[in-house]
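To keep things clear, I will list the structure first and then write my remarks on it.
Reminder, nothing fancy here: chain letters follow the sequence lines and each chain counts from 1. Hydrogens, waters and symmetry mates play no part in the numbers below; they use all other heavy atoms, side chains included.
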2 protein chains.
Amino acid sequence: MSPAHARDPRGSDSVRSQRIAGILRDEILAGDLTPGTWLRQDELAARLGASRIPVREALRILESEGLTESFPNRGARVPVLSLEDVNTYYRMRERLEPLTLTESLSRLTDQHLARLERIQDEIENQSDINRFLLLDRDFHMTSYSACPSGHLLAMTERLWNSTQHYRRAFMVLADPDRATIVNAEHRLILDAVRRRDPEDCERYLTGHIRRTRVELTAHPELFVDSDDASGRPAVS
Amino acid sequence: MSPAHARDPRGSDSVRSQRIAGILRDEILAGDLTPGTWLRQDELAARLGASRIPVREALRILESEGLTESFPNRGARVPVLSLEDVNTYYRMRERLEPLTLTESLSRLTDQHLARLERIQDEIENQSDINRFLLLDRDFHMTSYSACPSGHLLAMTERLWNSTQHYRRAFMVLADPDRATIVNAEHRLILDAVRRRDPEDCERYLTGHIRRTRVELTAHPELFVDSDDASGRPAVS
DNA sequence: TGCCACAGGATTGGATCCAATAACAAGACT
DNA sequence: AGTCTTGTTATTGGATCCAATCCTGTGGCA
C-alpha cells in the first residue's frame with residue numbers, strides 16, 4: 001500500500017506520524033473524510049491515540065501528497081476542488097500517464113499481464129461501485145507498476161488520489177452502460193500492452209482519461225460553487 | 001517569490017516554519033546546499049535561531065516540493081539524483097510544461113509579452129552563468145504566469161526546482177555557443193506566444209526541453225554512481 | 001437596525017524536555 | 001582474521017506546556 005511514499009526502504013511505518021498519515025490517507029481515499037472536512041489536530045490526536053506532534057507531521061505528509069491543504073493558524077482540511085481544478089488534474093493525467101505507461105511497458109512481466117487480465121475480468125463481472133473504484137485503480141496502477149522512476153510513479157499516484165473523491169461521486173450518477181465503454185477502452189489498452197506497442201498504449205490511455213474528463217466535467221452539480229473553496233466561510 | 005507555495009493568501013510567511021523553509025529553499029536553489037548534504041535539525045535550528053519544531057515543519061514543506069527527502073530516524077538531505085532521475089524529470093517536463101504554457105497563453109497580457117521580450121534581450125546581452133539561470137527561469141515562469149491553475153503551476157515549479165542543481169552543473173561545462181541555440185529556441189517560443197499559437201508554442205517548447213535533456217544526459221560525469229543514492233554509506 | 005470594538009474560547013504554532021532509534025567503535029568468541 | 005555482540009554517542013521522534021493567532025458572539029454606539 002502506498003509504495004511510492006514509503007520513506008523507509010526496509011521497515012515500514014514504524015514511525016507514528018507515518019502510521020497516522022496512512023490511516024488518514026485510507027480514510028480520505030475511502031470517502032470517509034470528504035472534501036471540506038476540517039482535520040483538527042486535537043481531535044485526530046485523541047482519536048488515534050497520540051499527541052499532536054505526529055498528527056502535525058502526518059498532515060504535512062498528506063499535504064505533500066495533495067490529500068490535504070493547510071492554512072497557517074487555521075488548520076488543515078481535505079481540499080475542495082472546483083470543476084476547473086478537476087479538469088486540470090485530468091489534463092495533467094492525459095499528459096503524464098501515457099509517459100508512465102510507456103516507461104513501464106517494456107519491463108512488464110507475464111505475471112503483470114496475467115494480473116491485468118484477471119483484474120479486467122473481475123471488473124466486467126461485478127457491479128459494485130466501490131469495488132469498481134478499487135479494481136479500476138488497481139488495473140491502471142498495475143500497468144504502471146514496472147515504471148522504474150519512483151518520482152514519476154509518485155506523481156501519477158498523487159494525481160489519482162487527488163481526484164478520487166470526484167471519481168466516486170461521478171460513478172454514483174453515471175450512466176449504467178458507461179461500463180461498456182470503459183471495458184472496451186481497458187481491453188484496447190490491455191491488448192496494446194500485450195503487444196508492447198507504446199504508440200497504441202498512449203493513444204488509448206489518453207483517450208480513456210480524456211473521455212472520462214469530458215463526461216465528469218459535464219456534471220457541474222458534483223462541484224461546489226467555486227466561492228467557498230477559499231477555506232473561509234462564505235459571506236452569506 | 002515562490003507564489004505557488006504561499007499557503008497564506010493574505011499574509012505571508014509570518015509563520016516561523018515557512019520563513020525557515022523559504023530560507024532553505026533559496027539556499028538549495030542558489031546552490032549553497034548541494035545534493036547529498038544532510039540537513040541536521042539541531043544545526044539548522046541553531047543557525048536560524050529557532051527550536052527544532054519549526055525546522056522539522058520546514059523540512060516537511062521542502063520535502064513536499066521535492067527539494068529535500070527524509071528518512072525515518074535518519075534525517076533529511078538534499079536529494080542526490082541519478083542521470084535516470086533527471087532524464088525522467090525532463091521527460092515529465094516535456095509533457096507537462098506545454099500544457100502549462102497553453103493554459104497560460106490566452107490570458108497573457110501585453111505587459112507579460114513586453115516582460116518576456118525584455119528578459120530575452122537581457123539573456124542575449126550577458127554571459128554570467130548564475131544570471132542566466134535566473135533569467136532563463138524567469139523567462140519560462142513568466143510565460144506560464146497567467147496559467148489559472150495553481151496546481152499545474154506548482155507542479156511545473158516543482159519540476160524546475162528539483163533539477164535546478166544539475167542545470168547549473170551542466171552550464172559550467174557547456175559548449176559556449178550553445179547559447180545561440182537557446183536564444184533561437186526562446187525567440188521561436190516568444191514569437192509563437194505573441195501569435196497566440198498553442199500548436200507552435202507546444203512544438204518549440206517541447207523541443208527546447210527535449211534538446212536540453214539530450215545534451216544534459218550526455219554528460220554522465222555530472223551524476224554520481226547511482227549506488228550511493230540510497231542515503232546509506234556504500235559497503236566499500 | 002446596522003456596524004464596530006472587544007473579550008472569551010477554541011485552535012494552531014513553538015519551545016523544552018524526555019524517549020527511541022540508528023550509526024559507530026571496541027571487544028569477545030569462533 | 002573475521003564476525004557477531006554490546007555499549008556509547010549522536011540524532012531524530014514524541015509528549016507536554018506555553019504563546020500567538022483566529023473565530024465568534026456580545027454589547028455599545030451612531
Position toward the 5' end of DNA chain D (nearest nucleotide), B/G75 or A/A50: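 Mapping each residue to its closest nucleotide by heavy atoms, the 5'-most match is B/G75.
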Donor-acceptor pair between B/R167 and B/Y90 side chains, under 3.5 angstrom: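 B/Y90 and B/R167 do have a side-chain donor-acceptor pair below 3.5 Å.
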Report all interatomic pairs (protein N or O, nucleotide N or O of nucleotides 6-10 of chain D) with separations under 3.5 Å.
none

In whole angstroms, how far is the [atom2] atom of [N] from the [atom1] atom of [X]?
X     : N      : atom1 : atom2 : value
B/I53 : D/dG14 : CD1   : C1'   : 8 Å
A/N73 : D/dT24 : CG    : C1'   : 17 Å
A/L44 : C/dT11 : CG    : C1'   : 13 Å
B/R52 : C/dC18 : CZ    : C1'   : 11 Å
B/R60 : C/dG14 : CZ    : P     : 16 Å
A/L59 : C/dT11 : CG    : C1'   : 13 Å
A/E57 : D/dA15 : CD    : C1'   : 13 Å
B/W38 : C/dA22 : CH2   : P     : 13 Å

[X] side chain: which of [options] is closest?
X     : options                : result
B/P54 : D/dA15, C/dG13, C/dA15 : C/dA15
B/R74 : C/dA23, C/dG13, D/dG13 : C/dA23
B/S51 : D/dG13, C/dT16, C/dG13 : C/dT16
B/D42 : C/dA15, D/dT12, C/dA23 : D/dT12

D/dG13 phosphate, OP1 or OP2, under 4.0 Å from A/Q18 side-chain N/O: no
Side-chain N,O (A/Q41) to OP1/OP2 (C/dA10) below 4.0 Å: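 No, outside the criterion.
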Exceeds 12 heavy-atom contacts within 6.0 angstrom, atom CZ of A/R210: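 No, the 6.0 Å shell around CZ holds no more than 12 heavy atoms from other groups.
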With sequence neighbours excluded, residues passing salt bridge (Lys or Arg N to Asp or Glu O under 4.0 Å) with A/R137: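 A/R137 satisfies salt bridge (Lys or Arg N to Asp or Glu O under 4.0 Å) with A/E157 only.
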Mind checking ring-ring contact (aromatic ring centres under 6.0 Å, His included) for [X] and listing every partner two or more places apart, or none if nothing turns up?
X      : value
B/H219 : B/F170
A/F132 : none
B/H140 : B/W160, B/H186, B/H208

Pairs touching residues 44-53 of chain A that satisfy salt bridge (charged side-chain N to carboxylate O under 4.0 Å, His left out), sequence neighbours left out: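 Found A/E27-A/R47, A/E43-A/R47.
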Donor/acceptor link under 3.5 angstrom from B/R56 side chain onto base of D/dG14: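 Such a pair exists between side chain and base.
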